[in-house]
Amino acid sequence: MKQELEKAYIPQDNEDKIYKIWEESGFFNPDNLVLDDSAPSYTIMLPPPNITAQLHIGHSCMLAIEDLLIRYRRMTGYRTLWLPGTDHAAIATQMVVEKKIFQETGQTRHDLGREKLLEEIWKFLRSTQATILHQTRKMGSSLDWSRVAFTFDDSRQNAVNRMFVDMYREGVIYRGERIVNWCPHCHSTLADDEVEYKEQQAKLYTFKYSKDFPISISTTRPETKLGDMAVAVNPKDERYQEYIGQEYKVDFCGQLLNIKIIADRNVESDYGTGALGVTPAHSMVDWQMAQANNLEIIKVIDEDGLIHEGFGKYSKLKAEEARQLINEELRVRGLMIAEDDLVNNLSVCYRCDTPIEPLPSKQWFVGVDKKLARLGGKSLKERALEAAKNKEITFIPERFDKRYQDWMENLHDWCISRQIWFGHAIPVWYKEEEIYCGETAPEGEGWRKDEDTLDTWFSSGMWTFSTLGWPDNYKDGLKIGDLAKFHPTQILETGYEILTLWVSRMVMMSFFALGEIPFEKVYLHGTILDKKGKKMSKSKGNGVDPLDAIEQYGADALRLSLLMGATPGNDSRYSEEKIEAKRNFINKLWNISRYILSSAKNDNLPPNPKTMADRWILSELAATRIKVKNKLENFEFSLAAEELTDFTWNKLADWYLEISKIEKEKDAILIYLLKNVLVMWHPFIPYVTETIWEQLEDGLLMVKQWPQDDLVIDEVALKEMTALQEIIIAIRNARSENKIEPGRKIKAIIKTSLPLESVELIKGLKTGISDLELVNTGEAPAGSIVVAMHNLDIYLLGAVDETKERTRLIKEKENLEKVIVGLRTRLSNEEFLAKAPTNIVDAETEKLNNYILELDKINKLIN
RNA sequence: GGGCGCAUAGCUCAGCUGGUUAGAGCACUUCGUUUACACCGAAGGGGUCCAGGGUUCGAAUCCUUGUGCGCCCACCA
């Protein structure tokens with residue numbers, strides 16, 4: 001031991017110090033790891049947090065999982081790269097800054113102007129970015145800071161421009177008019193998945209355009225009817241057959257409309273009147289009908305949510321105001337037939353909650369169905385789907401595979417232009433009718449740059465390769481440098497809520513740029529809810545700052561509490577009690593180490609098992625090592641940690657350390673056990689393990705390799721230890737049941753096949769009885785345990801007596817026989833054999849054989 | 001409208017491809033300050049695994065129906 005350890009572990013005294021040592025060691029950077037050239041890479045790209053706000057507890061969960069994966073792989077010989085970064089989150093950031101400025105100065109972005117706003121955004125960004133990176137470090141994240149990236153830094157801007165130009169030249173990116181989701185407040189389009197739906201009370205108005213028009217229609221938005229070009233009915237609807245194809249001129253509240261009656265099978269006959277007024281400019285469905293029927297498109301509502309010029313008294317009114325006026329007019333004219341209450345879903349902006357106006361507008365799109373030569377004639381959508389179908393990309397948990405595929409199958413062209421100021425510029429210039437797309441501005445005068453910016457997912461979709469030096473590291477279809485070393489990445493670990501938003505886009509972008517998958521596996525974690533099971537949000541004020549938790553309990557405790565009791569894809573609740581429990585465990589581990597370090601000489605000798613207890617603990621260690629390894633590689637982090645806890649606390653601390661106080665000379669084994677425990681725990685709780693490691697060995701635990709030596713699982717030792725534990729528990733029980741005060745002289749007669757050395761242990765172990773007399777009769781049959789206690793006054797029959805044990809064994813035997821008969825029946829059933837796959841049959845056969853062996857053993861014990 | 005998830009001890013949750021007596025943490029009861037640890041130790045109580053039906057030698061686990069929560073997608077004018 002290099003120095004006396006504190007009585008309790010104080011994370012605050014150690015964590016920052018340790019992080020500094022790690023960082024200065026350079027081992028976060030895979031280039032500095034001491035590895036053969038043949039060492040496989042293991043890469044994770046940190047999903048870049050938005051720089052809109054501080055990290056929340058969900059980020060901590062993400063960091064804990066990814067750091068666990070990375071540290072485990074680093075300790076098993078992989079060239080591990082975990083690359084950090086942040087996301088400029090275009091719309092979100094601009095909104096936050098605008099709101100902040102408005103609150104502070106009352107100014108809008110229009111008052112400020114483009115340049116000043118961007119300046120403010122950059123100022124804001126620099127401060128939040130620093131906070132976020134600080135929080136990320138505090139979690140103990142072993143990220144390679146030398147490669148830190150930002151979705152909007154120079155390299156990423158170059159990559160984005162290049163990508164846009166490439167896609168444009170291949171015809172994947174195109175400009176088109178389309179109904180888009182328009183947010184009148186953000187003044188920008190929204191992608192389909194940026195639209196949210198809110199249930200609201202609304203009115204369904206049923207009316208006729210005019211007295212002489214034969215069909216009544218229903219709508220919740222009469223004001224848009226100013227732009228109606230048609231009335232659509234279901235082709236099978238008998239009520240309207242005679243009208244289909246007719247055209248009418250109507251005076252709708254003072255606006256002259258040409259209404260054609262068209263048939264469309266999307267119209268449902270039993271909704272409302274079964275007739276639908278077609279407003280091509282303000283409804284997605286209507287737009288499609290208009291395309292199919294060659295209808296003219298008249299815009300009624302403008303980008304501010306106001307009625308356009310040319311609609312008489314309605315012009316310049318807000319949509320809702322116009323609606324009231326028109327309703328009034330319809331009532332006056334006696335055309336309003338019904339006003340029914342109705343609950344419908346209002347689409348609102350996911351950022352500002354403003355109701356969406358569907359508007360036609362010129363936007364840039366990524367065509368997902370465009371067949372591409374570089375993808376063997378497949379489209380991005382087809383290739384991205386295929387990747388999931390072929391299991392080139394797999395999902396954890398598996399059910400998200402289906403969700404990914406469903407979403408992909410229904411994917412429409414992706415609108416990538418946004419009418420906001422903060423974001424990647426669209427590398428397009430216009431001159432009259434001419435369009436130029438290129439990485440740099442075109443030569444000559446009179447070119448006007450496209451003022452829009454790109455959807456934030458366009459740049460984050462490139463995250464796996466824009467961070468690795470694409471496009472510079474991609475020459476003539478060959479990856480070089482970092483890109484060759486680290487792409488495709490191994491795991492994308494993120495929250496399930498952005499599976500569609502982000503994951504799907506990364507897949508398409510990677511296929512376009514590199515023709516390969518961006519990652520092999522997608523691990524999706526759940527959401528951390530608050531104590532009551534509600535989503536944490538800023539507005540509710542129920543969020544938790546990870547730094548507070550770290551300050552109080554330490555980063556290790558927070559990490560462990562987030563890793564344990566959580567399963568992939570399922571939400572879990574934040575619980576301070578849980579963090580406290582993990583803090584307590586960490587302190588236990590600390591004290592285990594303190595004891596071992598203070599009592600055992602650290603001579604670095606190989607473990608030298610001498611007694612049954614030694615063989616037992618090494619067998620338990622061997623079993624634990626295998627289980628932990630399997631569970632970690634199977635993404636069962638919680639179960640892995642449970643195995644480790646069980647070994648560390650219930651086996652090592654509760655039994656072996658106590659035994660070591662009686663049987664001496666276990667130094668080599670104790671040190672060996674401690675090192676193994678620290679190595680296995682390190683990916684979960686890196687700080688405390690590294691802190692203890694400093695006392696044990698030179699060199700960092702962080703890069704210590706998992707032990708390769710083979711340990712034997714000694715079945716006899718396991719059995720004997722179980723027997724010993726049962727005896728001790730029986731004595732303790734007998735003592736407490738019979739209320740024997742400590743210190744009372746007691747004689748216990750123990751009949752057991754255990755070696756005498758083991759029986760001697762009982763005297764020293766926590767039986768709560770001093771002055772215990774033992775008699776080992778050595779007569780009992782193998783494996784059976786008989787305890788009889790005897791003091792000078794009272795004769796006690798122990799908790800486990802011979803008959804009890806015998807009944808237990810007989811019951812076990814009966815159960816086994818039943819199972820064996822059952823399995824035999826199945827395995828001789830021809831129908832089953834014909835239907836079941838061979839591996840199932842093999843597994844069942846193996847099970848049967850094991851049960852038979854087990855039964856043999858029991859039979860031997862009973863006879 | 002379509003899809004997914006969850007329902008197991010008082011609470012929060014584990015429980016893989018069905019297999020012998022269903023686990024953990026917290027909480028609770030009793031006991032204990034033996035020099036690693038009270039952020040501790042020992043012993044213990046507590047579960048018709050949501051309900052009905054089915055498959056099976058055997059079901060918390062598979063199938064089906066229902067109930068109650070939660071989420072996602074589409075959106076009906």
Side-chain angles (χ1 to χ4, degrees), chain A residues 5 7-9 192-193 197 204 217-221 224 232 266-268 271-273 275-279 283-286 342 344-345 347 397 399-400 402-403 406-407 410 496-497 499-500 526-527 529 531 533 535 553 557 561 564-567 569-573 575 577-578 580-599 630-631 634 636 638-639 642 645-646 653-654 657-658 661 728-729 732-733 735-737 739 742 764 766-768 770 808 811-826 832 839-840 843-844 847 851 854:
Chain A
L5 294 182
K7 194 160 177 177
Y9 174 63
D192 289 346
D193 36 43
Y197 297 91
L204 183 66
I217 57 163
S218 302
T219 184
T220 50
R221 299 197 60 188
T224 63
N266 290 320
V267 180
E268 287 180 31
Y271 191 93
T273 60
L276 152 75
V278 181
T279 320
S283 153
M284 217 71 88
V285 194
D286 295 13
L342 157 96
N344 73 348
N345 277 328
S347 43
R399 71 184 126 97
F400 287 101
K402 190 175 159 1
R403 198 193 275 189
D406 284 351
W407 193 82
N410 295 319
Y496 62 77
E497 72 278 0
L499 172 70
T500 50
T527 309
L529 306 169
K531 207 183 284 181
K535 261 193 184 151
Y553 300 103
S561 82
M564 291 187 77
T567 41
N570 291 333
D571 296 346
S572 55
R573 296 185 192 200
S575 150
E577 291 78 18
K578 197 160 144 193
E580 197 179 327
K582 300 311 162 197
R583 191 266 322 260
N584 293 352
F585 169 75
I586 287 162
N587 191 55
K588 182 78 184 179
L589 178 61
W590 177 260
N591 273 293
I592 289 168
S593 314
R594 202 158 78 94
Y595 171 72
I596 294 179
L597 285 165
S598 67
S599 63
N630 288 341
K631 293 194 191 305
N634 216 14
E636 297 172 304
S638 183
L639 293 178
E642 267 178 46
T645 308
D646 183 52
D654 289 350
L657 291 193
E658 293 307 320
K661 292 173 187 171
I728 288 167
I729 287 165
R732 284 171 182 165
N733 274 337
R735 187 188 153 263
S736 109
E737 273 165 27
K739 301 208 168 22
K766 300 165 278 191
T767 48
S770 60
R808 191 179 69 87
K811 206 176 155 200
E812 207 174 318
K813 179 185 152 163
E814 282 168 2
N815 278 330
L816 267 173
E817 280 168 348
K818 255 197 273 173
V819 174
I820 289 169
V821 170
L823 271 170
R824 280 214 174 107
T825 324
R826 163 159 306 173
F832 168 76
N839 61 332
I840 301 254
E844 298 276 277
K847 267 191 214 164
Y851 289 137
E854 193 94 0

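Throughout, a chain's letter reflects where its sequence line sits, starting with A, and its residues are numbered from 1.
Proximity note for N584(A) (side chain, C-beta onward) versus C76(B), C39(B), A36(B): the nearest is C39(B). When distances are taken from the side chain of K7(A) to each of C26(B), U20(B), C37(B), the shortest belongs to C37(B). When the nucleotides A36(B), C37(B), A77(B) are ranked by their closest atom to the side chain of N587(A), C37(B) comes out on top. In this structure, the nucleotide among C71(B), A36(B), G5(B) sitting nearest to the side chain of R399(A) is G5(B). Considering only the side chain of K588(A), C37(B) comes nearest among C4(B), C72(B), C37(B). Considering only side-chain atoms of L204(A), the nucleotide from A77(B), A36(B), C76(B) that sits closest is A77(B).
Taking atom CG of residue L657(A) and atom P of nucleotide A42(B), one finds them 12 Å apart after rounding to whole Å. Here U20(B) presents its P atom at 10 Å from CG of L816(A), a figure rounded to the nearest Å. Between K631(A) atom NZ and U17(B) atom P the separation is 12 Å, expressed in whole Å. As rounded to whole Å, 10 Å separates atom P of C72(B) from atom CD of E497(A). Rounded to whole Å, atom C1' of G41(B) lies 13 Å from atom CG of N591(A). Taking atom CG of N630(A) as the reference point, atom C1' of C16(B) lies 12 Å away to the nearest angstrom. In this structure, CZ of R583(A) is placed 12 Å from P of C26(B), rounded to the nearest angstrom.
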- Parsed dot-bracket for RNA chain B after applying the Watson-Crick and G-U rules with both distances under 3.5 Å and | for other-strand partners is (((((((..((((.....[...)))).(((((.......))))).....(((((..]....))))))))))))....

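For the residue pair Y9(A) and N587(A), the shortest heavy atom distance occurs at N-OD1, 3.0 Å.
If you check every strand for non-hydrogen atoms under 4.0 Å, V819(A) touches a base. Using a 4.0 Å heavy-atom cutoff across all strands shown, Y9(A) reaches no nucleic acid atom at all.
The ring pair (Phe, Tyr, Trp, His ring centres under 6.0 Å) check on F400(A) picks up Y496(A), with sequence neighbours excluded. For S218(A), the side-chain contact (heavy atoms from CB on, under 4.5 Å) partners two or more places apart in sequence, or in a different chain, are L204(A), T206(A), T273(A). Under the ring pair (Phe, Tyr, Trp, His ring centres under 6.0 Å) criterion, F585(A) pairs with W649(A), W681(A), sequence neighbours left out. Taking N630(A) as the reference, nothing meets the side chain to side chain donor-acceptor pair (under 3.5 Å) condition, with sequence neighbours excluded.
Mapping M284(A) and Y496(A) onto RNA chain B via the closest heavy atom, the residue that lands nearer the 5' end is Y496(A). Ranked by how close their nearest RNA chain B nucleotide is to the 5' end, I592(A) and V267(A) are led by I592(A).
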Below 3.5 Å is the cut-off: list the nitrogen or oxygen pairs between protein and nucleotides 9-15 of chain B, distance only.
unit_1	atom_1	unit_2	atom_2	d
C13(B)	O2'	G565(A)	O	3.2
A14(B)	OP1	T567(A)	OG1	3.0

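Nucleotides A51(B) and U8(B) are separated by 10 Å at their P atoms, to the nearest Å. C73(B) sits 28 Å from U17(B) when the P atoms are compared, rounded to a whole Å. Comparing G52(B) with A38(B), their P atoms are spaced 49 Å from each other, to the whole Å. C11(B) and U56(B): their P atoms are spaced 37 Å apart (whole Å).
A donor and an acceptor atom never sit less than 3.5 Å apart when one is taken from the side chain of R594(A) and the other from the base of C37(B).
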